[in-house]
Structures are given as C-alpha cells and as structure tokens.
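Right, one structure below, let's go through it.
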2 protein chains.
Amino acid sequence: MVESTRGRIQAVALELFTENGYEKTSLREIAERLGVTKAALYYHFKSKDEIVSSFSEDRLARLDEIIEWAESQPPGLERRQELLARYADEFFASNHPSVMRFFEQNQTVVKTMSAGMGMRDRMLRVASLMADDVDDPTEQLRAALALFAVHGSWFAIRQELPIEERKRVALDVAEDLWRPRISP
Amino acid sequence: MVESTRGRIQAVALELFTENGYEKTSLREIAERLGVTKAALYYHFKSKDEIVSSFSEDRLARLDEIIEWAESQPPGLERRQELLARYADEFFASNHPSVMRFFEQNQTVVKTMSAGMGMRDRMLRVASLMADDVDDPTEQLRAALALFAVHGSWFAIRQELPIEERKRVALDVAEDLWRPRISP
DNA sequence: ACCTGAACACCGTTCAAGT
DNA sequence: ACCTGAACACCGTTCAAGT
C-alpha cells in the first residue's frame with residue numbers, strides 16, 4: 001500500500017503538531033521523518049498553515065453537515081440530544097480524536113490561522129444551537145458545558161476507558177445538565 | 001510611580017503572550033515596546049520561559065493555599081461549593097483573569113514549560129478534590145465541568161456581563177451539577 | 001511532476017564590552 | 001547594576017536548478 005507524499009506529510013504533521021504543538025514542531029523535523037528536505041514540503045503545500053488547513057477540511061465539512069441538520073430540526077430537548085450525539089460521534093471518529101484534539105491543543109493557533117477560525121466558528125454555532133439560540137447567560141454556559149463534556153471525557157477521566165464508554169459518560173453528564181432538579 | 005524594568009517586562013509579556021500567543025510573541029517585540037534591546041531582557045530573566053514562571057509564581061502559590069485549605073476540610077457538598085467559590089475568586093482576581101487566561105490560551109506551552117506543568121498539576125488536584133477523590137468516571141467528568149464552568153463563564157457568554165455576574169452564573173450552573181434530579 | 005541546495009529575514013540565546 | 005552590539009544556530013519561506 002503506497003501512500004502519497006502529500007498524505008504522509010499530513011499524517012506526520014498532524015501527529016507532531018498535536019503531540020508537541022504547532023509552533024514547536026519545525027518543518028525540518030517533519031521533513032526528516034519523511035526522508036525529504038524542508039523545501040520539498042513547499043512543493044506540496046504553500047505554507048505551514050496550509051498543512052493544517054488541508055487536514056482540517058473534511059472535519060469542517062462534516063461539522064457543517066451536522067449543523068445544517070440541526071438547523072432543519074425544531075428546537076428542543078430532542079434536537080439538543082441528537083446534536084450532541086452526532087457531535088460526539090464526529091469527535092471520536094476514526095478511533096482517535098485527531099484533528100479535533102489538534103485544535104484543542106493549539107488554542108493559540110486557532111486565533112490566527114484561517115482553519116482555526118473556521119473551527120472556532122463551527123464550535124460557537126454548535127454551542128448556540130445547543131442553547132436553542134436562547135440568550136440567557138445560564139443557558140449559554142450550560143450549552144458550552146455540554147459540548148465540553150464531550151471534549152473533557154477524553155482527558156478528564158483518569159482511568160483507561162474505551163471510547164464507547166467515554167462517549168456514554170459524556171452524553172449522560174451532558175443530558176443531566178437539562179434534567180429538571182428537585183427544588184431545594 | 002516608577003515601575004521596575006523587571007515588572008514592566010512581566011506586564012508587557014503577559015499581555016502579548018495572552019493576546020497573540022507565547023510562541024508568536026517575539027522578544028524583539030517586547031523589547032521594542034519597552035525601548036530596550038532584546039539582550040536587555042536577558043539581564044532580568046534567564047530565558048523566555050522564565051518570564052512566564054516569574055509571573056505565574058504567586059498565582060500558583062495562591063492555588064496551593066486553596067488546595068491546602070480544601071484538604072483540611074471533610075469531603076462533601078459543602079467543601080465542593082466553597083472550593084469552587086475560592087477557585088472562582090482566584091480566577092477572576094485583579095479584575096482580569098490574566099495569568100489564568102494565559103494558561104488557558106497557551107495549552108501547548110503548558111505541556112513543556114515547568115510553570116505550565118505546575119499549573120496543570122494544580123488544576124488536576126482541584127478537579128480531584130471537586131470529585132471528593134472518588135474514581136467514578138461520571139463524577140470525575142462532573143468535577144471537571146464544574147471547574148470549566150468558571151473558565152467558560154469568561155468566554156462562553158456572548159453578552160457583556162460584569163465579572164460578579166459571570167461568577168454567579170458559573171457557580172449556579174456548577175452547583176446544579178450535583179443537585180439531585182427528578183428521576184425520569 | 002517532484003525534489004534539492006543555497007539563500008533570505010527572523011527567532012531565542014550568549015557574551016564581551018560599555019556605563 | 002543595568003544595558004548594548006555583534007555573533008550563534010535555528011526557523012519558515014523562496015527560488016533557481018536538477019531529474
């Protein structure tokens with residue numbers, strides 16, 4: 001099975017960027033791992049940024065699909081649940097939350113890079129949909145927490161746990177955020 | 001009121017590091033803002049890292065105080081509430097969540113820098129105390145979410161809101177995480 | 001089409017030297 | 001004690017040149 005140089009660059013870059021950080025990873029490092037020169041990378045990509053954009057594209061597209069679907073549904077508990085479930089599926093897709101974890105790790109980059117801003121826009125849109133587009137501060141924060149439950153289930157649980165279980169825990173905790181409480 | 005060069009370096013660095021990212025901010029930039037040369041910074045600090053350590057120290061010390069206090073208390077709802085309240089006070093201290101926001105923004109740096117690892121350790125300890133040192137995955141995630149409610153109240157609420165109100169919303173939402181629910 | 005070698009301006013860091 | 005100027009190796013990026 002032969003993989004294109006372009007594909008191999010993307011894979012190695014994603015791994016190193018996520019593990020050691022975007023800025024701390026040099027193109028020399030990536031090139032060396034692939035047995036080519038730094039300059040070779042510039043044949044396949046216009047810039048270091050563009051490597052990130054390239055492996056972010058399909059994830060962004062998938063998020064767009066999820067958002068479009070949610071917008072076509074009537075607001076309410078059911079939409080919130082299904083939206084979060086789809087988001088979690090996407091987050092844990094391909095057995096490792098690779099691209100999503102890259103953005104989580106490289107918050108700084110999100111601010112300046114175009115792909116980062118694209119991801120940020122989507123996250124805010126999902127959060128807003130989770131809050132049923134309501135402006136109440138409490139509901140906005142609750143929506144953000146529900147989203148964060150998915151991300152947090154990846155690193156906030158200390159013991160080894162299969163992905164399916166992590167997803168289950170995340171969705172359970174998130175669902176609780178909207179369940180009515182016994183008044184004090 | 002004359003401020004020491006050392007202090008001015010710290011202030012400018014904190015601002016730029018938080019706003020534009022640690023890696024994207026060059027020492028030349030900092031030096032220029034202060035009207036000195038790059039090399040002058042090395043008279044006051046051993047390295048770029050050390051600037052971060054220097055302005056992190058008192059925050060870390062304050063977190064240690066909070067952690068020590070919590071460890072002296074019996075576990076339970078009351079401890080969790082008071083612990084989070086103190087954490088929120090610390091987070092919003094000095095009118096701008098400056099140092100805490102730096103660490104939030106520079107996740108990548110947290111992994112490699114010593115000050116970052118110090119902050120990470122404290123956060124995990126607080127999260128663990130919030131979960132009453134219980135190992136149940138659901139409780140661990142809930143504890144992380146409660147902590148995140150404080151951080152999230154800073155950026156997840158779209159409208160302008162005074163700090164006191166943000167804190168209130170954060171603590172309310174966090175408290176809800178442990179309130180018993182009406183069974184389905 | 002795919003890649004190299006050499007050059008560019010810029011980065012963090014060091015150090016001898018100045019006051 | 002406090003700071004400068006010049007140098008170091010390394011970075012992302014460009015480009016003419018090779019196959």
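Any value given below was found using the heavy atoms of this structure, including those in side chains, with hydrogens, waters and symmetry copies removed. Fair warning: this is a prediction, and the values are worked out from it, not measured in the lab. Below, read A as the first sequence line, B as the second, and so on, with proteins coming before strands; counting in each chain starts at 1.
Residues satisfying the side chain to side chain contact (heavy atoms under 4.5 Å, CB included) test with A:Y43, not counting sequence neighbours, are none.
When the P atom of D:dC2 is taken as reference, atom CD1 of B:I9 falls 11 Å away, rounded to whole Å. Distance, A:L41 CG to C:dG5 P: 14 Å, rounded to whole Å. Distance, A:D49 CG to D:dT14 P: 11 Å, rounded to whole Å. To the nearest angstrom, C1' of C:dG12 lies 14 Å from CD of A:E23. Rounded to whole angstrom, the span from the CZ atom of B:F45 across to the C1' atom of D:dC3 amounts to 15 Å. Atom CZ of A:R6 is separated from atom P of C:dC3 by 13 Å (rounded to the nearest Å). Taking atom NZ of residue A:K46 and atom C1' of nucleotide D:dG12, one finds them 16 Å apart after rounding to whole Å.
In this model, the phosphate group of C:dC2 is approached by a side-chain N or O of A:Y43 to a distance below 4.0 Å at OP1 or OP2. For the pair A:T5 and C:dC3, the criterion of a side-chain N or O lying under 4.0 Å from OP1 or OP2 is met. Under 4.0 angstrom from either OP1 or OP2 of C:dT14 there lies no side-chain N or O belonging to B:Y42. Residue A:H44 places at least one side-chain N or O under 4.0 Å from the OP1 or OP2 atom of C:dC3.
Transitive grouping of hydrophobic side chains (ILVMFWY, heavy atoms separated by less than 4.5 Å) keeps A:M117 and A:L124 in distinct clusters. Under a hydrophobic clustering in which Ile, Leu, Val, Met, Phe, Trp and Tyr are joined whenever their side-chain heavy atoms come within less than 4.5 Å, directly or via other members, B:L129 and B:V134 fall into different clusters.
In terms of heavy atoms, B:R125 sits closest to B:E71 at NE-OE2, 3.1 Å.
For the pair A:R80 and A:W178, the distance from NZ or CZ to the six-membered ring centre is under 6.0 Å and the angle to the ring normal is within 45 degrees.
Checking D:dT13, C:dT13, D:dT14 against every side-chain atom of A:A39, the shortest atom distance belongs to D:dT14.
At a non-hydrogen distance threshold of 4.0 Å, A:V36, A:T37 from residues 25-38 of chain A come into contact with DNA chain C.
Using a cut-off of 4.0 Å between Lys/Arg side-chain N and Asp/Glu carboxylate O, A:R168 and A:E165 are scored as not salt-bridged.
Between the side chain of B:T108 and the backbone N or O of A:Q105 there is at least one donor-acceptor pair closer than 3.5 Å.
Ring planes of A:F102 and A:Y22: perpendicular class, angle over 60° (limits at 30 and 60°).
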Once pairs are restricted to Watson-Crick or G-U wobble with both distances under 3.5 Å, how does DNA chain C read as a dot-bracket string, [ ] for crossings and | for other-strand pairs? ||.|||||...|||||.||
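Between B:Y87 and B:H151, the distance separating the two ring centers is shorter than 6.0 angstrom.
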